**Q** 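Got a structure here, written out as structure tokens. Questions coming.
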Amino acid sequence: MIRWILFIFLVLYIVVPMLMPVIFSFSVFWQDILPQGFTLRWYEAILTRPANYEALMVSLIVASSAVLLNILIAVPAAYALNRMGSKWGQRLREGAMILPLVFPPLVVGTALLQAFARPPLALTGTLWMVIIAHTILGFPFMFRIVLAAFQTIDERTLSEAAASLGANLWQRMRYVLIPNVLPGILSGALLVFAISMGEFEVTSMVAGFTAQTLPLRLFQQIRNDMRVASAITAFLIYVSFLSFILMSYLGTRMRRLRAV
Amino acid sequence: MPDTVTVVRKPAARWEVWRLTVFLRMEVLLLLPFLVFIGLFEIYPLVNMAIRSLFDQNGVFTIQNYVNVFTESRFRVAIRNSLLFASAASLVGGIGGTFVAALAVRLPPRWRNFLLSLYALPMTLSGLVVAFAFIVLLGRNGVLNLIVRRIFDLPPTVYFNLYDWPGIVMVYAFFQIPLMTLSMAAVFENLDPSLIEAARNLGARPWQVWRYVVIPVLLPGFLAGMSIQFAGMMGAFGTVLALVGMAKNLLSLQIYSHASESTYNLPQAGALAIVLITITATALALLSWGARRLARRGT
């Protein structure tokens with residue numbers, strides 16, 4: 001019995017704070033204990049006010065680019081490092097995990113800001129810099145999930161089995177490896193996308209006025225207009241929530257694949 | 001006849017060696033995008049930052065930036081605050097998360113998976129989202145404050161202060177507890193119940209079971225989780241900035257303000273960042289050393 005009361009309490013601990021911005025965003029005003037009225041005006045403000053709309057577009061572009069870059073970088077790296085059996089492979093695998101702990105977004109932001117401030121690579125303040133920063137932040141998440149996918153399907157044994165049946169590298173990739181790790185790659189993509197959509201810390205350091213993302217806009221709106229801020233906050237919660245639902249769907253599919 | 005035995009070199013062996021080198025080369029090739037990207041956009045900027053922190057803004061070599069860190073009171077206070085804040089938030093997260101994980105593994109699988117999925121959610125949430133949520137919930141005129149005031153008929157001067165250290169730690173707990181829950185859930189699942197049973201059958205008392213069986217198994221995972229917590233909290237600043245602006249003095253906020261705000265001084269920000277990395281790396285090394293020692297003693 002106590003177990004279930006605690007369980008409900010723990011569920012509420014996450015759900016209640018997350019519901020606050022959502023309720024706020026649908027209400028006309030909320031000064032007293034209960035919110036009043038129902039409106040979609042604050043969501044409209046995201047789409048109709050040019051600054052908000054632009055920020056939304058910038059965020060979508062940045063998040064999609066960070067996902068694509070991470071697929072190009074992290075998936076081959078996870079494949080290669082999974083195959084490296086030596087001490088070096090082990091060290092690189094561990095290094096890729098510890099790197100983000102020792103170098104938090106704050107430090108990466110400071111370093112990026114300084115390194116690319118002038119030609120030949122004057123990227124600071126541009127959209128490129130934001131994309132690069134988000135790719136770096138997303139990398140460990142993508143890498144960890146894809147590496148785990150390669151490990152659980154026992155990639156080596158599968159590849160060897162396919163090779164012994166006469167499959168060449170391309171065929172092994174196309175019919176054996178990619179279909180097996182695809183749920184992992186998609187999960188990683190969703191995670192990187194959600195993190196990038198909400199990222200504030202690095203973005204606020206490296207983005208100039210040309211690359212205002214949605215969270216940067218939210219930061220200004222928390223001071224200026226709580227209503228619009230509530231709609232942006234709620235939108236970011238929906239993004240996280242949706243990607244997690246998709247991820248757990250992919251997770252159950254992966255488990256089912258493994259069981260077969 | 002034994003003297004006619006000769007080593008026959010299989011033709012396949014050479015083929016194997018050749019295939020292995022090709023494979024190795026292919027692996028290096030696949031690593032290339034990662035190595036180039038991390039090298040250019042993470043390692044190079046960090047090395048560059050470390051070097052530049054040794055020069056003043058006119059490009060003259062100096063260690064003044066580091067001297068400042070340890071002599072100027074605002075930096076010393078910032079370091080002290082950061083250490084205290086990161087320790088407090090990690091402890092709250094560490095203990096809270098361990099508790100949630102301990103409960104989660106006792107639930108039927110369906111509900112356990114539900115709880116763990118729910119606790120994975122904050123990982124991707126923006127620090128600003130959480131700051132906003134807590135302002136609505138617990139700000140000066142937040143819903144919870146209003147309810148408590150209404151029930152006990154208190155004046156509006158009475159409220160839970162979200163904008164002081166306990167409030168800030170509480171908001172960060174919303175990230176830290178779920179993070180710890182996820183790492184500890186894996187550790188608890190590895191705790192073999194038959195070990196505990198065996199200890200009980202051998203006549204161990206409850207405290208002995210904890211002392212000699214449960215804690216040695218859990219502690220390495222707990223310490224690993226704590227290092228993630230501490231490292232994360234040392235670098236965190238987004239939520240504090242949204243809650244109190246620059247009103248609180250943290251090392252992370254000092255770096256942020258020297259890198260991108262009015263007190264713009266990049267070499268100084270670099271020196272502060274190097275100090276932050278050193279503190280984090282030392283804490284990580286200590287925790288992993290402790291975990292390894294315990295792991296050796298535990299078995």
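Predicted, not measured: the structure shown is a model, and the values here were computed from it. Atoms considered below: every heavy atom in the structure, side chains included; atoms not considered: hydrogens, waters and symmetry mates. Note on naming: letters A, B, ... go to the chains in the order of the sequence lines (proteins, then strands), and numbering restarts at 1 for each one.
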**Q** Taking B/L115, B/L272, B/N141 one by one, which has the highest count of heavy-atom pairs under 4.5 Å against chain A?
**A**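 Most pairs with chain A among the choices: B/L115.
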**Q** Which of the residues B/T278, B/V136, B/I228 is involved in the greatest number of heavy-atom pairs with chain A at under 4.5 angstrom?
**A**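 Among the listed options, the one with the most contacts to chain A is B/V136.
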**Q** Specify whether B/F114 and A/F7 have parallel, tilted or perpendicular ring planes, treating 30° as the upper limit for parallel and 60° as the lower limit for perpendicular.
**A**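 Ring orientation of B/F114 relative to A/F7: tilted.
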**Q** Start with the C-alpha distance between B/T280 and A/L101, add both sets of side-chain angles, then the distance that settles side-chain contact (heavy atoms from CB on, under 4.5 Å), and finish with yes or no.
**A** CA-CA 8 Å; B/T280 312; A/L101 283 182; 5.9 Å; no
**Q** Given that the side chain runs from C-beta out, which part of A/S243 has a heavy atom under 4.5 Å from chain B: side chain, backbone, both or neither?
**A**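 Neither part; nothing is under 4.5 Å.
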**Q** May I have the list of side-chain donor-acceptor pairs in residues 189-203 of chain A shorter than 3.5 Å, sequence neighbours left out?
**A**
{"unit_1": "A/S196", "atom_1": "OG", "unit_2": "A/H134", "atom_2": "ND1", "d": "2.7"}
{"unit_1": "A/E199", "atom_1": "OE1", "unit_2": "A/E201", "atom_2": "N", "d": "3.2"}
{"unit_1": "A/E199", "atom_1": "OE1", "unit_2": "A/V202", "atom_2": "N", "d": "3.1"}
{"unit_1": "A/E199", "atom_1": "OE1", "unit_2": "A/T203", "atom_2": "N", "d": "3.1"}
{"unit_1": "A/E199", "atom_1": "OE1", "unit_2": "A/T203", "atom_2": "OG1", "d": "2.7"}
{"unit_1": "A/E199", "atom_1": "OE2", "unit_2": "A/E201", "atom_2": "N", "d": "3.3"}
{"unit_1": "A/E199", "atom_1": "OE2", "unit_2": "A/V202", "atom_2": "N", "d": "3.2"}
{"unit_1": "A/E201", "atom_1": "OE2", "unit_2": "B/F237", "atom_2": "N", "d": "3.0"}
{"unit_1": "A/E201", "atom_1": "OE2", "unit_2": "B/G238", "atom_2": "N", "d": "2.7"}
{"unit_1": "A/T203", "atom_1": "OG1", "unit_2": "A/H134", "atom_2": "NE2", "d": "2.9"}
{"unit_1": "A/T203", "atom_1": "OG1", "unit_2": "A/E199", "atom_2": "O", "d": "3.2"}

**Q** Contact part of B/L103 toward chain A, heavy-atom cut-off under 4.5 Å: side chain, backbone, both or neither?
**A**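 Side chain only.
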**Q** Looking at A/A80, A/A234, A/P35, A/A133, which makes the most heavy-atom pairs under 4.5 Å with chain B?
**A**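 Of the candidates given, the most pairs with chain B belong to A/A80.
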**Q** Please identify each residue that fulfils side chain to side chain contact (heavy atoms under 4.5 Å, CB included) with B/A173, with sequence neighbours left out.
**A**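 Only A/Y13, B/V92, B/I177 meet the side chain to side chain contact (heavy atoms under 4.5 Å, CB included) criterion with B/A173.
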**Q** Looking only at heavy atoms and a cut-off of under 4.5 Å, which of A/F141, A/W30, A/F241 has the most pairs with chain B?
**A**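 Answer, by heavy-atom pair count under 4.5 Å with chain B: A/W30.
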**Q** Given A/V107 and B/M49, is the side-chain contact (heavy atoms from CB on, under 4.5 Å) satisfied, shown in steps?
**A** CA-CA 9 Å; A/V107 172; B/M49 181 184 75; 3.9 Å; yes
**Q** Below 4.5 Å, heavy-atom pairs only: which of A/I23, A/I136, A/L34 has the largest tally toward chain B?
**A**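 Result: the option with the highest number of such pairs is A/I136.
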**Q** Hey, are the side chains of B/F132 and A/I232 touching, using non-hydrogen atoms and a 4.5 Å cut-off?
**A**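 Not in contact.
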**Q** Heavy-atom pairs under 4.5 Å with chain B are the metric here; pick the option from A/I132, A/L218, A/I222 that has the most.
**A**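 Sorted descending by pairs with chain B, the first entry is A/I132.
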**Q** Could you check whether any side-chain heavy atom of B/L241 comes within less than 4.5 Å of a side-chain heavy atom of A/F219, counting everything from C-beta outward?
**A**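 With C-beta onward as the side chain, the pair touches.
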**Q** I'd like to know which of A/L10, A/L69, A/I98, A/L123 tops the heavy-atom pair count under 4.5 Å against chain B.
**A**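 Looking at each option in turn, the highest pair count goes to A/L10.
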**Q** Can you tell which part of A/V22 gets under 4.5 Å to a heavy atom of chain B, answering side chain, backbone, both or neither?
**A**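 For A/V22, no heavy atom lies under 4.5 Å from chain B.
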**Q** Where on A/L72 is there a heavy atom nearer than 4.5 Å to chain B: the side chain, the backbone, both, or neither?
**A**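 A/L72 touches chain B through backbone heavy atoms alone.
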**Q** How far apart are the closest heavy atoms of A/R3 and B/R106, and which atoms are they?
**A**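 Reported closest heavy-atom pair: NH1-O, 2.7 Å.
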**Q** Search all heavy atoms of B/A269 against all heavy atoms of A/T110 and return the closest pair with its distance.
**A**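 In this case the closest contact between B/A269 and A/T110 is CB-CG2, 3.9 Å.
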**Q** What part of A/P104 lies closer than 4.5 angstrom to a heavy atom of chain B: side chain, backbone, both or neither?
**A**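 When you check distances to chain B, only side chain atoms of A/P104 fall under 4.5 Å.
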**Q** Where is the tightest heavy-atom contact between B/L128 and A/P215, given as atom of each residue plus distance?
**A**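 In this case the closest contact between B/L128 and A/P215 is CD1-O, 3.1 Å.
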**Q** For A/I14, enumerate each residue passing the side chain to side chain contact (heavy atoms under 4.5 Å, CB included) test, keeping only those at least two apart in sequence or located in another chain.
**A**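 By the side chain to side chain contact (heavy atoms under 4.5 Å, CB included) rule, A/I14 matches B/L118, B/Y119, B/P122, B/F174, B/P178.
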**Q** Tell me, do B/F34 and A/P76 make a side-chain contact under 4.5 Å, heavy atoms counted?
**A**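 B/F34 does not reach A/P76 side chain to side chain.
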**Q** Could you measure the distance from the CG atom of B/L107 to the CG atom of A/L6? Nearest 0.5 Å is fine.
**A**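 That separation rounds to 9.5 Å.
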**Q** Relative to chain A, which of B/A120, B/G232, B/G127 shows the most heavy atom pairs under 4.5 Å?
**A**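 Sorted descending by pairs with chain A, the first entry is B/A120.
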**Q** Please classify the contact of A/F116 with chain B as side chain, backbone, both or neither, using a heavy-atom distance under 4.5 Å.
**A**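 The side chain, not the backbone.
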**Q** With a 4.5 Å cut-off on heavy-atom pairs, point out which of A/A78, A/G109, A/P17 contacts chain B the most.
**A**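 Highest number of pairs under 4.5 Å: A/P17.
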**Q** Does any heavy atom of chain A fall under 4.5 Å from the side chain of B/I147, the backbone, both, or neither of them?
**A**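 Both parts, heavy atoms under 4.5 Å.
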**Q** Under the side-chain contact (heavy atoms from CB on, under 4.5 Å) criterion, do A/M20 and B/F134 qualify, and how do the steps go?
**A** CA-CA 8 Å; A/M20 289 298 126; B/F134 276 90; over 6 Å; no
**Q** Which residues in residues 35-46 of chain B have any heavy atom closer than 4.5 Å to a heavy atom of chain A?
**A**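 Under the 4.5 Å heavy-atom cut-off, B/F37, B/I38, B/L40, B/F41, B/E42, B/Y44, B/P45, B/L46 qualify.
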**Q** Walk me through whether B/L31 and A/L81 qualify under side-chain contact (heavy atoms from CB on, under 4.5 Å).
**A** CA-CA 8 Å; B/L31 267 180; A/L81 285 180; 3.8 Å; yes
**Q** Using non-hydrogen atoms only, which part of A/F244 is less than 4.5 Å away from chain B: side chain, backbone, both, or neither?
**A**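 For A/F244, the side chain is the part near chain B, not the backbone.
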**Q** Looking only at heavy atoms, which two atoms of B/A242 and A/R223 are closest? And how far apart?
**A**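 Shortest heavy-atom separation between B/A242 and A/R223 comes out as O-NH2, 4.1 Å.
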**Q** When rounded to the nearest 0.5 angstrom, what is the spacing between CG in B/L121 and OG in A/S248?
**A**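 Those atoms lie 10.5 Å apart.
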**Q** Give me the atom names and distance for the closest heavy-atom approach of B/S126 to A/L236.
**A**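 Looking at all heavy atoms of both residues, the closest pair is CB-CD1, 4.5 Å.
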